[in-house]
There are 2 protein chains.
Amino acid sequence: MATSDPVYLRVVEDIRRQITDGTLPPGAPIPSRAQLTRKYQVGETAARHALRVLAGEGLIIGRVGSGHYVRERPDLTPLYRWRFLDHPAPFAADLQSQGRRVTWDWHSEPAEAGPDIARRLRLPESATLTKTHYVFRGDGKPLQLATSYELREFAAHSDEERRSLVARMYGHGIKITEIVESVHTRIPRPVESDALDLAAGVHVLHVERTHWAGDRPVETSDIVIPGDRFRVMYSMPV
Amino acid sequence: MATSDPVYLRVVEDIRRQITDGTLPPGAPIPSRAQLTRKYQVGETAARHALRVLAGEGLIIGRVGSGHYVRERPDLTPLYRWRFLDHPAPFAADLQSQGRRVTWDWHSEPAEAGPDIARRLRLPESATLTKTHYVFRGDGKPLQLATSYELREFAAHSDEERRSLVARMYGHGIKITEIVESVHTRIPRPVESDALDLAAGVHVLHVERTHWAGDRPVETSDIVIPGDRFRVMYSMPV
DNA sequence: CGATGACCGCTGGAGCCCCAACTTTGCGAT
DNA sequence: ATCGCAAAGTTGGGGCTCCAGCGGTCATCG
């Protein structure tokens, strides 16, 4: 409306509107730079800039030699589902029930905890282990990236093993009593972009999960999920 | 490493590294376009482009006439906290306990449900009401934007009122038995950018909350939260 | 008839330039 | 010592151009 707005914004907003209201469905081609200059009566710089902004937002994707297209954004599939007494979160089973195979890959390497991890585990900045999991769908598409920090003594490779180690460590009768998750969103780090095969402009959901045994935190993990393809489900009885 | 990489990326990656490893703390000035061209031996286009990319990622912020600065990113404050039997989520109380006042503003207008809302409430695309809440901190900073869709008959203005209306509507003994939340992240719509006062490149956390009474969905709301300032906490007993 | 290559259009990188609007700074005058 | 103002620096919008690399299309040649 305001004619004082930069002209490239006029282009951005017009195309964005067409994408969000469905006029331009996923996969539809966006006019090329040359076409945009003619259509909106703007210079090539403005046309190019508009395309770059839209691509940066993750709404369109440019294929060199071909053109810009509205990005496919499949319906968000639930990645894992929290349900009362339904722990640990069986997201793999969830996906398998949808007919998708899930494969794992991991790579462990010991590391000192950073200050934030130490704070979360209420530990000095030592005696920790970093384990990075890569989780893939059967078709090879990446699902998530998880890094967990545990007391080094707890470095076990199955949930069962770990739980019994926890039990040994903390004496008899130790039991995870509460799981706290904190969700926020941020730009992916370069490693995450690679591992999760993220397009430009896609943010990640960062879930910090901490397992508590009474008033003692036992294990904490960072779960990183592509924000454009997945959702995290929480379900609580009232 | 690969010298075939575009030069602007070299600049981006170098600055990004300095920001993430703390060499450039929040608030620190970034070299200007002219300085970058000299420092990295690149053209003005590349320098400018690097700054734009970093700004688009939300890592730096440009102030015209002054320069670019590392964005202040205060520690993420918990926005609301889910706890078993601690419903409805008392995020206002949570913030107040931190010495922050919270104020509300809302604006109601009836609307037909879109197809997705109808699906969530298992309703025909009618008989709904849209209510948009704006929630502010005492200092005027925006906290979140929530839009809830309820059966029109349930349009009440307090949680208590609404609950009793729900009870009347569905007969005696009706009770919300489960709350399901789904979290994902996406780029903000223009309204949300304005209402939440979002900087460029900041994504939002989108929480879809649905209240269930047995196998019947009763109310659903979309809660939109600035992804760079807040986190959502979930806490579950095991 | 089928394969090969030339050609055109498109993206993305990169360079240089001009200008308006704004901030900061420093100098000079009161 | 303080005020005001001008100059210098900086961002953001916008313009133009060149080029490499890629992807189709289409015509030509074997």
Side-chain angles (χ1 to χ4, degrees), chain A residues 1-16 19 24 27-72 193 198-202, chain B residues 1-16 19 24 27-72 193 198-202:
Chain A
M1 279 295 154
T3 49
S4 65
D5 271 7
V7 293
Y8 84 90
L9 263 191
R10 243 184 49 225
V11 183
V12 166
E13 275 159 16
D14 193 51
I15 297 179
R16 184 159 46 201
I19 293 175
L24 287 169
I30 304 290
S32 72
R33 291 200 312 228
Q35 290 172 319
L36 287 179
T37 57
R38 283 195 298 275
K39 179 172 178 191
Y40 292 94
Q41 293 293 308
V42 297
E44 208 229 310
T45 311
R48 168 191 289 239
H49 190 38
L51 290 173
R52 175 167 291 284
V53 167
L54 289 164
E57 287 177 351
L59 282 176
I60 66 177
I61 187 160
R63 274 191 271 278
V64 342
S66 173
H68 280 94
Y69 301 87
V70 180
R71 263 192 70 210
E72 305 284 349
S193 282
L198 298 180
V202 172
Chain B
M1 281 296 151
T3 51
S4 64
D5 271 8
V7 292
Y8 85 89
L9 263 190
R10 242 186 49 225
V11 183
V12 166
E13 274 159 18
D14 193 51
I15 297 179
R16 184 158 46 201
I19 293 176
L24 288 170
I30 304 291
S32 71
R33 292 199 312 227
Q35 291 173 318
L36 287 179
T37 56
R38 283 195 298 274
K39 180 172 179 192
Y40 293 94
Q41 293 293 308
V42 297
E44 203 229 315
T45 310
R48 170 192 288 237
H49 190 37
L51 290 173
R52 175 167 290 285
V53 167
L54 289 164
E57 287 177 352
L59 283 176
I60 67 178
I61 187 162
R63 274 190 271 280
V64 345
S66 174
H68 279 95
Y69 301 88
V70 180
R71 264 190 71 206
E72 305 284 350
S193 281
L198 298 179
V202 173

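Chain naming here is simple, since letters A, B, ... match the order of the sequence lines and numbering starts at 1 in each. Side chains are part of it too, since the values below use all heavy atoms of this structure and drop only hydrogens, waters and symmetry mates. Keep in mind that this is a model prediction, so the values were computed, not measured.
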Sugar-phosphate only, base, or nothing, as touched by B:R63 at under 4.0 Å among non-hydrogen atoms: sugar-phosphate
Touch class at under 4.0 angstrom, heavy-atom based, for B:G65 against every strand present: base
In whole angstrom, give the distance that lies between atom [atom1] of [X] and atom [atom2] of [N].
X: A:R48; N: C:dT11; atom1: CZ; atom2: C1'; result: 8 Å
X: A:I60; N: C:dC10; atom1: CD1; atom2: P; result: 15 Å
X: A:R10; N: D:dG13; atom1: CZ; atom2: P; result: 15 Å
X: B:R52; N: D:dG13; atom1: CZ; atom2: C1'; result: 9 Å
X: B:L51; N: D:dG9; atom1: CG; atom2: C1'; result: 15 Å
X: A:R33; N: D:dC16; atom1: CZ; atom2: P; result: 13 Å
X: A:H49; N: D:dT11; atom1: NE2; atom2: C1'; result: 12 Å
X: B:Y69; N: C:dC22; atom1: OH; atom2: C1'; result: 12 Å

Minimum heavy-atom distance between A:A47 and A:T37, given as atom pair plus value: CB-CG2, 4.0 Å
Please tell me which of the listed nucleotides, [options], lies nearest to the side chain of [X]?
X: B:V64; options: C:dC22, C:dC10, D:dG14; answer: C:dC22
X: B:E44; options: C:dC17, C:dC10, C:dG15; answer: C:dC17
X: A:P6; options: C:dT24, D:dG13, C:dC10; answer: D:dG13
X: B:T45; options: D:dT11, C:dG15, D:dT17; answer: C:dG15

A:V70/A:L59 under side chain to side chain contact (heavy atoms under 4.5 Å, CB included): CA gap, chis, key distance, verdict: CA-CA 6 Å; A:V70 180; A:L59 282 176; over 6 Å; no
Straight-line distance of B:Y40 OH to B:R10 CZ, nearest 0.5 Å: 8.0 Å
From NE2 (B:H68) to CD1 (B:I60), nearest 0.5 Å: 4.5 Å
Should [X] be listed as having a side-chain N or O under 4.0 Å from OP1 or OP2 of [N]?
X: A:S32; N: C:dC10; value: yes
X: A:Y8; N: D:dG13; value: yes
X: A:H68; N: C:dT11; value: yes

Flag side-chain contact, heavy atom, 4.5 Å: A:H49 against B:R52: yes
